[in-house]
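If you read the sequence from its start, that first residue is 1, and numbering goes on from there. Just so it is clear, the model here is predicted, and its values are computed rather than measured.
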Amino acid sequence: MRLNRTLLSTALVVVALVVQVSVLARLQLPGAVPDLLLLTVLALAFVYGHVSGALIGFGAGLLADLAPPADHAVGRYALVLCVVGYLAGLARPENGQLRSAFAPMAVVVVAAVGSTLLYAGVGALVGDTAARHVGLGGLLFTAAVYDLLLAPFTVPLIMALARRTENDPVAEASSGGNDVAAGWLASGTGLRIGNQRGGLRVKAARNRAARAGRIKGVKRL
């Protein structure tokens with residue numbers, strides 16, 4: 001199971017990094033670049049918890065520091081994603097299932113803003129003042145908007161893959177394992193079709209038993 005977790009996390013991080021460097025960074029969008037790597041770390045931390053989230057974040061950030069065209073000190077983004085992964089793992093629900101879309105979306109916004117501020121702060125400590133020339137306010141706003149728009153299409157899918165690899169009983173119990181991030185998309189309705197069908201069967205059986213009791217003259221309270 002640990003091996004599956006490591007392989008899946010590594011594969012998702014590598015794919016996210018390749019897509020971000022080769023596709024998202026070339027879109028030439030105003031302000032920040034949509035951070036698919038950050039969203040991947042958040043999704044895995046939501047499933048695996050704060051310790052694994054910190055380790056995955058550190059590894060993902062280190063790969064980003066080494067990937068061309070890196071123009072900053074090695075370890076800078078590794079520190080940022082390590083902190084983000086740890087804090088996001090602390091927001092993991094106790095039952096392992098997200099029942100509301102508000103909480104994870106709020107975490108995405110906070111992580112986008114916080115990672116940008118932390119990255120700029122670490123850069124200021126090592127003498128990198130690029131954020132001042134670009135405009136920190138514009139970077140914060142665009143980073144939050146881009147990540148918020150990208151999150152619904154990536155975070156639930158990554159969480160679903162992580163749960164299935166882990167053989168999570170929550171994933172198997174919810175809708176036959178078809179949508180383990182239903183709380184994200186359903187915004188906390190908590191409805192389960194399987195449970196409704198089971199309830200209908202039990203109710204029908206009770207009705208039949210009640211009719212049989214009345215036929216036999218048994219008084220039911």
Side-chain angles (χ1 to χ4, degrees), residues 1-25 33-70 72-98 103-105 107-108 110-112 114-115 118-119 122 147 150-185:
M1 184 178 298
R2 287 288 180 180
L3 182 60
N4 291 339
R5 174 187 294 189
T6 302
L7 291 176
L8 177 66
S9 301
T10 303
L12 291 174
V13 166
V14 170
V15 171
L17 180 60
V18 170
V19 172
Q20 181 167 328
V21 172
S22 61
V23 178
L24 298 179
V33 175
D35 201 339
L36 182 58
L37 196 61
L38 172 67
L39 297 178
T40 302
V41 172
L42 289 177
L44 293 175
F46 284 149
V47 177
Y48 297 145
H50 60 282
V51 176
S52 296
L55 295 176
I56 294 171
F58 179 81
L62 189 60
L63 287 178
D65 289 333
L66 297 175
H72 55 269
V74 175
R76 183 174 168 185
Y77 202 46
L79 173 62
V80 172
L81 288 187
C82 179
V83 174
V84 170
Y86 179 84
L87 295 179
L90 295 178
R92 177 193 182 194
E94 294 182 359
N95 60 357
Q97 187 177 11
L98 297 173
M105 295 297 273
V107 172
V108 169
V110 172
S115 62
L118 184 58
Y119 185 82
V122 175
D147 292 348
L150 187 60
F153 304 100
T154 56
V155 175
L157 176 61
I158 295 173
M159 290 181 64
L161 293 175
R163 289 193 190 283
R164 290 180 180 180
T165 303
E166 286 284 288
N167 294 323
D168 194 336
V170 174
E172 296 175 359
S174 59
S175 299
N178 292 329
D179 187 12
V180 300
W184 176 290
L185 300 176

Check your understanding: What pair of heavy atoms forms the shortest contact from A45 to G85, and how long is it?
Key -> CB-O, 3.5 Å
Check your understanding: Is L81 close to F58 at the side-chain level, that is, under 4.5 Å between some pair of heavy atoms?
Key -> no
Point to revise | Minimum heavy-atom distance between A91 and V107, given as atom pair plus value | key: CB-CG2, 4.3 Å
Study note, to complete from the structure: Taken to the nearest 0.5 Å, the spacing of L12 CG from L39 CG works out to 12.5 Å
Point to revise | Minimal non-hydrogen separation, G57 against V41, with atom names | key: CA-CG1, 3.8 Å
Review point. Just wondering, do P34 and Q20 contact through their side chains at under 4.5 Å, heavy atoms?
Key: no
Check your understanding: Does D35 offer a backbone N or O that forms a donor-acceptor pair with the side chain of D147 under 3.5 Å?
Key -> yes
Review point. Taking all atoms of both residues into account, what is the closest heavy-atom pair of A151 and P156, and its distance?
Key: O-CD, 3.4 Å
Review point. Say you draw a straight line from CD1 of I56 to SG of C82; how long is it, rounded to the nearest 0.5 Å?
Key: 11.0 Å
Study note, to complete from the structure: Test side chain to side chain contact (heavy atoms under 4.5 Å, CB included), reference Y77, set L38, L118, L63, L66, output is L38
Practice item. Over all heavy atoms of both residues, which pair between L42 and A88 is shortest? Give the atoms and the distance, please. Key: CD2-CB, 3.5 Å
Practice item. Verify, without hydrogens or angle tests, whether R76 (side chain) and D65 (backbone) share a donor-acceptor contact under 3.5 angstrom. Key: no
Check your understanding: Is a donor on one side and an acceptor on the other found under 3.5 Å between the side chain of S9 and the backbone of T6?
Key -> no
Check your understanding: Once you round to the nearest 0.5 Å, how far does CG of L37 lie from OG of S115?
Key -> 10.5 Å
Check your understanding: Taking only residues two or more places apart in sequence or in another chain, which ones pass side-chain contact (heavy atoms from CB on, under 4.5 Å) with A43?
Key -> V155, I158, M159
Exercise for review: Over all heavy atoms of both residues, which pair between L44 and A162 is shortest? Give the atoms and the distance, please.
Suggested key: CD2-CB, 4.1 Å
**Study point:** CG-OG1 distance between L17 and T40, expressed to the nearest 0.5 angstrom
**Key:** 9.5 Å
